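Only this structure's heavy atoms are used, side chains among them; waters, hydrogens and symmetry mates stay out. Computed from a predicted structure; not experimentally measured.
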Amino acid sequence: MNSPPSKSEASSGFELLDPRIQRWVWEKGWTGLRDAQERAIRPILAAECDVIIAAATAAGKTEAAFLPALTVIANAGEESGLVIYISPLKALINDQFGRLDQLCDALEVPVIPWHGDVSASRKQKFLKTPRGVLLITPESLEALFVRRGSGVARLFVETTHLIVDELHAFIGSDRGKQMQSLLHRIEVAAERRIPRIGLSATLGDMRLAAEYLRPNGADSVDVIVSDSKSQEFQIQVRGYVVAAPPNNAQPKAAGDNEGELAAQSSVVGHLYKTLCGTNNLVFPNTRSNVEFYTDALRRRCEADGRPAEFWPHHGSLSRELREDTENALKDGSRPATAICTNTLELGIDIGAVKSIAQIGPGPSVASLRQRLGRSGRRPGEPAILRSYAIEHELTQHSDYSDRLREGMVQSVAMIQLLLRGWFEPPNSAGLHLSTLVQQVLSVIAERGGAMAPALFHGLVTEGAFAGLSQAEFAALLRSLAKLDLISQDSTGLLLLGQKGEHFVASYDFYAAFASDDEWQIVCDGRVMGSLPISSPITVGMRIIFGGRRWLVVSVDDEAQVVSVRSDPGGRPPRFDSGRPSVHDMVRKEMRAVLGGTAPVTFLDSIASRLLVEAREQYQMLHLDQRQIIQTGALTNLFTWSGDAENDTLVLLLKGLGVAQADNEGVTVCVTGSELNRILDALLDISQLDNSDLEDLLKDAHNMTRGKWDWALPETLLKKSFVSSHLSFIGARSAAGECLRSFGHG
DNA sequence: GACCTGCTGCGGATTG
C-alpha cells in the first residue's frame, strides 16, 4: 500500500474530510489531493455558498465535489442528508455510480442512479428512504415533480447540495433553462436555499457560468479554476483539390461528380495510411459522411486482408452498434479508429486516442477544442489534429465562396482562434419561452392547480425566466387557455385543460427539447419530400431542395408545409441544407487570414497554395477596402459577420422591402433591387431603434424551434426567437460598415 | 440548426 499523503500536503483541507474518506484516498494510492480538490473542501463543507469547479479532466472534478459533500452527508446521521447530482447523460450517471459505489459503501451512504434505464424497484427503494446520493437526469427530475406532486417536498427536504455536472453542456439551451428551473423548484419544495455546485471543463467566461448557476447571485459563487499545464499541439491543415469537370462551360452541378469522388478518395487514402495501427477519432461533420468514410476505410482494410479497424458512431445507430464501437476503442488489445459525430465529443470514457481528424471545418471552435482534448492524454504525448480541406478548382463560373476558399480559410481561422485560447461563449441571453410553457404545465400538474400570480412569482420573478413582464406572462397564459392546454375554474385556479392533460400524461413531456421534425415541400399540390428547415422562411424567399432552386409561394406554420414553384433565376448555392451557425469572431478572423501576408505555419503544400490563391482573390476584389460588390443584378455584401448577424440583416432588408436577400455565409447576396435602394435600406438599418424591430419582422415565418414554441402568442414567439437566434446590434453595425466602405454614412 | 441529449406507471405473465 502507498503511504498516506505527507503532513504538509494534508495540513489544510484533507484532514477535514471524514476519516473513512481519507482512508479511501490513501487506498486509491493517490499521493495527495489535486489543487482544485483541495480548494473545494472548505467552501463545500461550509455549505454556505455556491461553487463552480472548472478543471480539464473529468477525474479530479467529481471527486472535488463529492469528497466534501459526502463528508457532510456521512455526518448528518442515519435519517438525513441528500446530495442530488444532475447529469446531462445517462452514460455519465452509470460511470459516476461505478466510481462512488465503493466509497459510499464504506460510508454506509446509499447511492441511487435514477434514469430511464434504471429498474422501478431500485427507484422504489429510494422513495422509501430518500437519503444518500441521487444521480439523476433533468428529465427524470421533471417526471418526479409531475408524478409525485405534493409528495416531492418530502423527497427533497433533506437536500444538502445540488451538483450539476458538465455545466457548459446546459448553458444557453432549452434544456439548460429547464435545469435552472428545476434547481429553483427543488429549493421551493425544500423551502430554503440549497448550495449549488457546478462542474465543468474550463469554461471561457466564469462570470457567465456563475450567473447561470445562481441567477441574481453570481457574486457569491466561489469559482475554483484548476491550474492545468498547457498542452502541446501538433496541427496540420491538408488541402485537396476537386478538378473542374472537363466541360468548363457547364455550371458546377450539385451532388457527386468524378472530381469530388477522386478528392474524397485521396482523403480516405491518407486517413488509411496514417491512422492504421493506432486509436483515433475522425469527425466528418454529418451522419451520412460517417457512413461514407467508414465504408470506404473498411473496404481498404478488407482489400489488404487486415481486420477492421474503423468503426462508425452516431445518434441514428442502434445502441448495440454504438457500444461495439465504444468497446473497440476501450479494448486496447487491437487498434481502433471511430468515425463519428459529436456523440463521441463528451461524456463517455473511451480512453486516450492518438490523433483527431477533422474533415471540413468543425461546427465551432468550442467543439474543436473539446475534440482535441480527447487526444494526447498520456504524459509527454502531444494532441494531434489533422484538418482536411476539400476545395474546388477555380473556373470562370466559380463563386465567391470558392474563390476565397471559404471552407479552408474557416478551418484556418478556427485553428488560429483555438491556439489563442478563444472559443464561442454560450448565448446566455436566450429567453427559451418554449421551456416556460413546459414549466407552467409541469407546476400546475405538480400542485394540482395554481393561481396565476403564484406561477408568475415562482417561475418568472424568482425563477429561471426573469425578463418577462406580468402583461406578457398573462398573454402567454391566455394563449395556453385558448389552445386548451390550461383552463380556469370559478375561483381563478388554473388547471390543466383537456389537451394539457393529454400532453402531460405522455412520457415525452419530460424532455424540454424536441426531436427533429421535417417540413413538407409541396409543388403544385404534389409532395416532393421533406426537409429539416433551419432559417426563418418568408414568402418570396428561395430555397434549395434536391439540388434545385425554388421560390416559396406560401408557408403553413401549423401544418409545417412549404409550397414552392420552380424558380429558374439565379444559380444554386453550394449547400443543400443549412450549415452550423458560424460565430462573428470566426468571420472576423477569416478576414484577417485573407488580408494577412504572413505564412501560416501549419499548412501542407497544397493548402499553402490554396491560401496564396485565396489571398490573391481577396486583393484582386479589393476586399480590404470594399464590402459591396455589384455584378449585374447581383449585389454581394461582404459583411464579415457571423450567421446570427447575417440572418438578422437579411430579415431586416426584407422587412424594408428589398426584393431578395440570402445569407450565403461569406456574403449576403441581394438580387432584384437597385443598388440605391439597397444603400437606402442599409442606411435605415444602421440607424434603427430596437422599437422598430417588431414591425420589421412581421412578415417572417418559421420561427418555431423549441418544442412548445407553437403554443406561444405571436409576439412572445418572436421575442424568444430574437433573443436566441438574432443579433440586432451586430446587423446594425454590419450595415454601417458596408455603407462606410462605400463612402456613405 | 450541422450534431446531440432524454422518458412513467401499470397490468399481466412468470418465477421463487
Find the distance [X]:[atom1] to [N]:[atom2] and express it as a whole number of Å.
X: Lys177(A); N: dG6(B); atom1: NZ; atom2: C1'; answer: 20 Å
X: His115(A); N: dT8(B); atom1: NE2; atom2: P; answer: 10 Å
X: His168(A); N: dT5(B); atom1: NE2; atom2: P; answer: 14 Å
X: His313(A); N: dC3(B); atom1: NE2; atom2: P; answer: 15 Å
X: Leu167(A); N: dT5(B); atom1: CG; atom2: C1'; answer: 16 Å
X: Phe283(A); N: dA2(B); atom1: CZ; atom2: P; answer: 18 Å
X: Asp165(A); N: dG6(B); atom1: CG; atom2: P; answer: 13 Å
X: Phe513(A); N: dC3(B); atom1: CZ; atom2: P; answer: 16 Å

Is there aromatic stacking of Tyr507(A) against dC7(B), centre distance under 5.5 Å, plane angle under 30°?
yes
**Report entry** Face-to-face stacking of Phe509(A) with dC7(B), centres under 5.5 angstrom, angle under 30°
**Finding:** no
Next item on the list: May I ask you to check if Arg705(A) and Phe721(A) form a cation-pi contact, with NZ or CZ under 6.0 angstrom from the six-membered ring centre and within 45° of the axis?
Entry: no
_Distance under 6.0 Å and angle within 45° of ring axis: Arg185(A) vs Phe145(A)_ = yes
For [X], report the nucleic acid contact type (base, sugar-phosphate, nothing); a contact means any heavy atom under 4.0 Å.
X: Pro88(A); answer: sugar-phosphate
X: Ser581(A); answer: base
X: Asn285(A); answer: sugar-phosphate
X: Tyr510(A); answer: sugar-phosphate

Closest to the 5' end of DNA chain B, once Ala511(A) and Gly706(A) are matched to their nearest nucleotides, is Gly706(A)
Establish, with yes or no, whether the OP1 or OP2 oxygen of [N] is under 4.0 angstrom from a side-chain nitrogen or oxygen of [X].
X: Ser140(A); N: dC7(B); result: yes
X: Lys123(A); N: dT8(B); result: yes
X: Arg148(A); N: dG9(B); result: yes
X: Thr137(A); N: dC7(B); result: yes
X: Thr341(A); N: dC4(B); result: yes
X: Arg371(A); N: dC3(B); result: no

With respect to the side chain of [X], which nucleotide from [options] is positioned closest?
X: Thr286(A); options: dC3(B), dG1(B), dG6(B); answer: dC3(B)
X: Arg322(A); options: dG1(B), dT5(B), dC7(B); answer: dT5(B)
X: Arg175(A); options: dA2(B), dC4(B), dG6(B); answer: dG6(B)
X: Asp508(A); options: dT5(B), dC7(B), dG1(B); answer: dC7(B)
X: Lys90(A); options: dA2(B), dG1(B), dG6(B); answer: dG6(B)
X: His314(A); options: dG6(B), dC4(B), dC7(B); answer: dC4(B)

- Any N or O donor-acceptor pair linking the side chain of Asn342(A) to the base of dC4(B) at under 3.5 Å? no
Report task. Mind telling me whether Phe503(A) and Trp710(A) have parallel, tilted or perpendicular rings, with 30° and 60° as the class edges? Result -> tilted
When rounded to the nearest Å, what value does the distance between C1' atoms of dG1(B) and dT5(B) take?
15 Å
Rounded to whole angstrom, note down the P distance from dC7(B) over to dC3(B). 23 Å
message: Donor-acceptor check, side chain of Asn280(A) to backbone of Ser355(A), threshold 3.5 angstrom: yes or no?
response: yes
* **Stepwise side-chain hydrogen bond (donor to acceptor under 3.5 Å, both in side chains) check, Arg99(A) with Thr62(A)** => CA-CA 10 Å; Arg99(A) 296 238 287 269; Thr62(A) 41; 2.7 Å; yes
Within a 6.0 Å radius of atom NZ on Lys588(A), are there more than 12 heavy atoms belonging to other residues, nucleotides or ligands? yes
*Intermediate values then yes/no, side-chain hydrogen bond (donor to acceptor under 3.5 Å, both in side chains), His583(A) and Asp643(A)*: CA-CA 7 Å; His583(A) 192 273; Asp643(A) 282 325; over 6 Å; no
